Amino acid sequence: MIDPQILRTDPDRLRESQRRRGESIELIDDLVAADIAKREAQTRFDELRNEQKVLGKQIGPLQGALKKADDDARAQAQAEVDALMAQAQILAEQVKAADAAATAAGEALDALWLQVSNLVNLESPVGGEEDFTVLEEIGTPRDFAAEGFEPRDHLELGELIGAIDVERGAKVSGSRFFYLTGPGAMLEIALLNLAMQQATSHGLIPMITPTLVLPSAMEGTGFLGQAAENVYRIEQDDMYLVGTSEVPLAGYHADEIIDADRLPLRYAGWSSCFRREAGSYGKDTRGIIRVHQFDKVEMFVYCRPEDAEAEHARLVAWEKKFIDALEIPYRVIDVATGDLGSSAARKFDIEAWIPTQGTYREITSTSNTTEFQARRLKIRMRDENGTRPLATLNGTLCAMPRVIVAILENHQQADGSIVIPTALRPFLGGQEVFTPAS
RNA sequence: GGAGGUGUCGCCUAGUCCGGUCUAUGGCGCCGCACUGCUAAUGCGGUUUGGGUUUAUCGCCCAUCGCGAGUUCAAAUCUCGCCACCUCCGCCA
């Protein structure tokens with residue numbers, strides 16, 4: 001949610017943000033009207049309620065006096081009480097109606113706010129999925145032609161070395177599920193160790209989070225808007241499977257007020273992630289680039305709003321350091337406004353070079369969600385200026401399947417073996433190569 | 001899953017039986033001021049959160065006693081539902 005003050009003082013800022021995202025501008029007009037309606041209804045209720053309380057305070061003492069009154073005064077006192085009671089009853093009806101009206105107006109307003117995405121950062125390139133800006137390219141893709149062989153894709157390689165089994169994944173769980181087997185499983189564990197080693201060296205707090213969450217956490221992080229179709233819902237218990245540990249890491253401090261001197265709070269969460277991948281039929285059907293379940297180490301930061309942009313840059317730097325250690329060529333892109341997702345004001349993706357696709361593919365994504373999630377989840381900070389919402393940011397450190405794809409494809413040799421990046425070897429007992437199973 | 005207990009403004013706590021005097025008591029902590037070579041101690045004042053109004057301030061109004069609904073002129077207090085935690089029993093990785 002965006003600061004309601006901006007809606008009242010500068011609604012054009014919201015309209016401009018909506019325009020850049022390609023989302024509804026009329027929504028802002030509705031919001032302005034609903035905000036006014038809500039305040040009017042609330043004020044009416046407040047005033048009536050005040051009248052009711054003033055009146056109510058007179059009744060108690062009068063009834064006390066009535067009990068003590070002697071016969072002469074009784075009739076008089078009784079009449080006074082009756083008159084007040086009659087008045088109070090009318091007022092009670094009005095209060096009830098005004099309360100209902102204010103509640104309804106509030107709900108209508110909240111429903112509209114839930115449809116509004118975060119204010120985009122004005123630096124973000126405007127446009128759709130293809131309109132990103134490339135910020136930098138690092139490393140050089142190998143020239144397999146010069147090396148004299150045709151690169152195999154990650155699935156072929158994974159099957160060759162006995163690391164990936166998608167056929168049995170499909171047999172047991174359906175399409176887009178897979179098993180990591182033998183060296184594949186060991187590789188994921190090694191990646192987890194490297195990621196957590198780097199994370200802790202940066203001062204992040206390691207976390208293992210719930211993956212099943214209540215609606216409040218899902219909604220608070222902005223995943224029940226246009227992204228809702230990609231979320232698994234457990235109907236029977238009204239819970240959701242998270243698509244990223246960003247959700248439980250953001251919910252961790254929900255409803256809390258954090259002392260500013262504890263900020264920034266930085267976490268590295270490890271969890272399984274579940275995605276329905278609705279609307280991606282036919283896309284990336286081969287291999288493990290797009291799957292329904294995978295594991296991921298996610299970074300999550302709570303900080304002062306004024307520090308958020310610097311923090312965002314720090315997250316990108318940590319992501320780069322991780323990919324650097326894996327010796328994979330990549331580029332960093334500044335994602336365009338139309339492709340940000342509802343909670344991000346700005347988003348940087350790292351895309352790894354995938355030789356058999358001849359292109360870069362997303363392997364990390366880091367978003368500055370400013371105060372958007374914090375407002376929804378009621379996470380505030382307290383400093384010398386009082387209590388106010390803080391900023392949250394998230395960023396991928398290691399999304400297992402895609403990192404594994406990038407390692408296999410970029411470090412393959414002509415015989416189908418895989419050279420293990422030096423940084424991973426300590427976590428694999430010093431092993432240097434994955435070789436094809438016989 | 002069953003039985004019992006608990007839930008009050010950072011922490012602890014009074015208030016709930018018997019509705020109005022609750023504008024929620026007291027202690028700790030914290031902030032400000034006074035006193036004071038310094039610190040400590042002491043004294044005085046302040047200290048839930050959210051919304052509205054006013055905004056140069058002070059202020060005023062409403063909501064908030066785990067959450068929600070109900071009864072009532074009036075609910076921390078009565079009724080119902082739910083949630084969380086604790087103890088015990090059952091089942092279980």
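Per chain, numbering begins at 1; letters A, B, ... match sequence-line order. Below, all heavy atoms of this structure are taken into account, side chains as well, without hydrogens, waters or symmetry copies. Given the structure is predicted, the values throughout are model-derived calculations rather than measurements.
- With hydrogens and angles left out, the side-chain atoms of A:Lys296 and A:Thr244 include a donor and acceptor closer than 3.5 Å.
- Between B:G81 and B:G29, the distance separating the two P atoms is 43 Å to the nearest Å.
- Straight-line distance between the P atoms of B:U13 and B:G27: roughly 16 Å, to the nearest whole Å.
- Below 30°, between 30° and 60°, or above 60°: for A:His202 and A:Trp318 the angle between ring planes is below 30°, a parallel geometry.
- Separating the C1' atom of B:U49 from that of B:U42 is a span of 33 Å, rounded to the nearest Å.
- Distances from the side chain of A:Thr387 to the nucleotides B:G50, B:U23, B:C73 place B:G50 closest.
- For the pair A:Ala88 and A:Arg380, nearest-nucleotide mapping onto RNA chain B gives the more 5' position to A:Arg380.
- Following rounding to the nearest Å, A:Arg44 (CZ) and B:U53 (P) show an atom-to-atom distance of 17 Å.
- Atom CG of A:Leu157 is separated from atom NE2 of A:His411 by 12.0 Å, given to the nearest 0.5 angstrom.
- Across B:C80 and B:U71, the matching C1' atoms stand 11 Å from one another, rounded to whole Å.
- Whole-Å rounding puts the A:Leu48 CG to B:C73 C1' distance at 14 Å.
- How far CZ of A:Phe132 is from OG of A:Ser124: 14.0 Å, rounded to the nearest 0.5 Å.
- Note on ring orientation: taking the six-membered ring where Trp is involved, the planes of A:Phe274 and A:Tyr232 are perpendicular (angle over 60°, cut-offs 30° and 60°).
- Rounded to a whole angstrom, the distance from the C1' atom of B:G5 to that of B:C44 is 43 Å.
- Taking a 6.0 Å sphere around OH of A:Tyr252, one finds it holds 12 or fewer heavy atoms contributed by other residues, nucleotides or ligands.
- Using a 4.0 Å heavy-atom distance criterion, A:Arg382 is classed as a sugar-phosphate-only contact.
- The partner of B:U79, taking Watson-Crick or G-U wobble pairs whose two distances both stay under 3.5 Å, is B:A69.
- Between A:Arg176 and A:Asp284, no side-chain nitrogen of the basic residue sits less than 4.0 Å from a carboxylate oxygen of the acidic one, so the salt-bridge criterion is not met.
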Exercise. Could you go through the side chain to side chain donor-acceptor pair (under 3.5 Å) check for A:Asn118 and A:Ser343 one step at a time?
Key: CA-CA 5 Å; A:Asn118 199 1; A:Ser343 58; over 6 Å; no
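- What separates CG of A:Asp259 from C1' of B:G29 is a distance of 12 Å, to the nearest Å.
- Atom name C1', nucleotides B:U47 and B:U25: the rounded distance is 16 Å, in whole Å.
- Using N1 to N3 plus N6-O4 or O6-N4 for Watson-Crick, or N1-O2 and O6-N3 for G-U wobble, each under 3.5 Å, B:U42 pairs with B:A34.
- The nearest whole Å value for the distance from the CZ atom in A:Arg375 to the C1' atom in B:G50 is 13 Å.
- Pairing for B:A3 is with B:U87, a Watson-Crick or G-U wobble pair whose two hydrogen-bonding atom distances lie under 3.5 Å.
- For A:Lys38 and A:Met85, each mapped to the nucleotide of RNA chain B holding its nearest heavy atom, the one lying further toward the 5' end belongs to A:Lys38.
- Residue pairs that meet the side-chain hydrogen bond (donor to acceptor under 3.5 Å, both in side chains) test with at least one member in residues 307-317 of chain A, sequence neighbours left out, are A:Asn121-A:Glu309, A:Arg266-A:Glu311, A:Glu311-A:Arg314.
- One atom, CG of A:Leu55, and another, P of B:A74, lie 10 Å apart when rounded to the nearest Å.
- Straight-line distance from the CG atom of A:Asp3 to the C1' atom of B:G50: 14 Å, rounded to whole Å.
- Only the P atoms considered, B:G46 is 28 Å distant from B:U54, to the nearest whole Å.
- Pairing of B:C11, defined by two Watson-Crick or G-U wobble distances under 3.5 Å, is identified with B:G27.
- Comparing B:U71, B:G52, B:C73 by their nearest atom to the side chain of A:Arg8 picks out B:G52.
- With both pairing distances under 3.5 Å, B:U53 is matched to B:G59 as a Watson-Crick or G-U wobble pair.
- With rounding to whole Å, A:Asp238 atom CG is found 14 Å from B:C82 atom C1'.
- Taking a pair to require two hydrogen-bonding distances under 3.5 Å in either a Watson-Crick or a G-U wobble arrangement, B:A74 remains unpaired.
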Quiz prompt | Per-nucleotide protein contact string for nucleotides 59-69 of chain B (B base, S sugar-phosphate only, - none; heavy atom under 4.0 Å) | solution = --SSS------
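- Straight-line distance from the CD atom of A:Glu40 to the C1' atom of B:U53: 14 Å, rounded to whole Å.
- For the P atoms, the distance linking B:C22 with B:G32 amounts to 32 Å, nearest Å.
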